[in-house]
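Worksheet: the structure to be examined is printed underneath.
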Amino acid sequence: MSFFSTRGGSCVTASQAILNGLAPDGGLYVPAMFPPVSKEKLTSLAGMSYCERASAILRTYLEDFSIPEIDAALANAYGAEKFDAPEIAPLRRLDEQTYVMELFHGPTLAFKDMALQLLPHLITLSARKNSEEREISILVATSGDTGKAALEGFKDVPGTSCTVFYPLEGVSRVQELQMVTTGGSNTHVIGVRGNFDDAQTGVKRLFASQDFAERMHAMGKTLSSANSINFGRLVPQVVYYFSAYAELLRANRLAVGEPVNFVVPTGNFGNILAAYYARSMGLPVGKLICASNRNNVLTDFFEKGIYSTHRTFFKTTSPSMDILISSNLERLLFEAADRDGELIRVWMRQLQECGSYGVGDQRREWLAGVFYAGCANDLETGWEIKARFQQDRYLMDTHTAVGSRVLREYRQKTQDDTPTVIVSTASPYKFAGDVLAALEGREATEGMDAFACAERLEALSGVPVPRQVRQLRELPIRHHDATEADGMAQAVLHALGGA
Ligand SMILES: *Cc1c(COP(=O)(O)O)cnc(C)c1O
């Protein structure tokens, strides 16, 4: 399988796409085609373990990796010491037509682990295949969860380092503590005075800078990305959509070929794009429901066909979705534009220069055939957490609740009763303060820190506080650096020992 840039250029192998992260023309790598998965293959997935399912999917894309290489990487990534659920991505049933796929059983309690536990193995294998001997320096911009997941994934991996930028005022207390207490000799965490888009734009600028690349090379290092622009982040995410379907087949809740809807709490559009890729490979998907918080730039885009960043940025109770520029949308646009890289270049230039672009009515209609988009504000999200807990005794985090709420609205509007999987992207204990406030009122949490809120949630729900949260209390803070958004290059060079 070869990979192309969404902006028209490049033709590289899977390992080169993973190693480079971003294509040289600034585009994102996309596979030359979507390898079809037959009904027979789909049926056979039902009898497999998560790692076996992952192996079956990954090998269709990663053609320059051997099957033993893929299987060894999977065994390392999804071992019992990493994930606290043997199914890896367990499916819970809420009611007759509604399921929750829990993607938060990894070391950092968010779905980012699904990809970032595997990515370091894919990157080091890719380096070897391409005779890359320099240190691979991973740069990450995070809205909260990617950072910690990348740090855990790359911590003490030989031949790599991992530097994370996070918005100083834009992440939850637990998210921040998780990052700044990270151990390992090759990890760096730097707070940025700005929001997530500032951090992400800054990192993109570093990747695009020839001067910065040369300074890194002079230090014996080369840059790579662990953000969801990297195809190596995307492909592990395709797996769990197949796995959810296989679980439904196994439980006889579905006959092969019958459609399922997925609701995905969305920020950078990586998770839901993976669902679209699974659909393109033949997974029977009805609608893909794109759920946003008050930063509803995607809801507007799917409705009007116009993407516009001329809007206010809001801080919400679902901070990992507080994003105005959804990078991975570019890969969907590429499909919507019939893979016309020139058109993508035009739209991305308009986005950069004018802050908006329009895709036209025909393409908007095509998108509406596959996607439904909706949004929920903080108040609605809180109601949803309470409603699910009271109705179904199910405790969900703020991001998952945005999805659940949008599903409720979608069903009311459309009467579509297709079985639907809500993709749960984080443990409620990562956002314990806001989850508790939803259940018992904001006053009830006054004066309580994140740990006290977690204890109270445990008492209410019977769901145990994960040890990763308990531990945070005792761990020393190891990272103190902060920078202005325009000082990020200097901060990286300093952290990596160059200046
Ligand atoms: C990253 C994240 C999201 C958004 O996922 P994208 O792939 O960026 O759309 C949603 N919820 C949580 C908890 C996350 O960490």
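As the structure lists them, so they are numbered: ligands from 1, and atoms in each ligand from 1.
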Check against salt bridge (charged side-chain N to carboxylate O under 4.0 Å, His left out), Glu455 and Arg470
CA-CA 9 Å; Glu455 297 294 337; Arg470 276 186 201 290; 3.1 Å; yes
Can you list every salt bridge (Lys or Arg N to Asp or Glu O under 4.0 Å) pair that touches residues 318-329, not counting sequence neighbours?
none
Which residue pairs pass the salt bridge (Lys or Arg N to Asp or Glu O under 4.0 Å) test with at least one member in residues 231-247, sequence neighbours excluded?
Arg53-Glu247, Glu247-Arg250
I'd like to know whether Ser320 forms a side chain to side chain donor-acceptor pair (under 3.5 Å) with Gln175, so could you lay out the CA-CA distance, the side-chain angles of the two residues, the decisive distance to 0.1 Å, and finally the verdict.
CA-CA 10 Å; Ser320 301; Gln175 287 177 317; 3.2 Å; yes
Can a side-chain donor-acceptor contact be found between Thr381 and Asp378 if the only test is distance below 3.5 angstrom?
no
Tell me the residues surrounding ligand 1, counting only those with a heavy atom closer than 4.0 angstrom, sorted by chain and number.
Phe111, Lys112, Asp145, Pro265, Thr266, Gly267, Asn268, Phe269, Gly270, Asn271, Ser320, Met321, His399, Thr425, Ala426
Ring pair (Phe, Tyr, Trp, His ring centres under 6.0 Å) partners of Phe302, counting only residues at least two apart:
Phe371
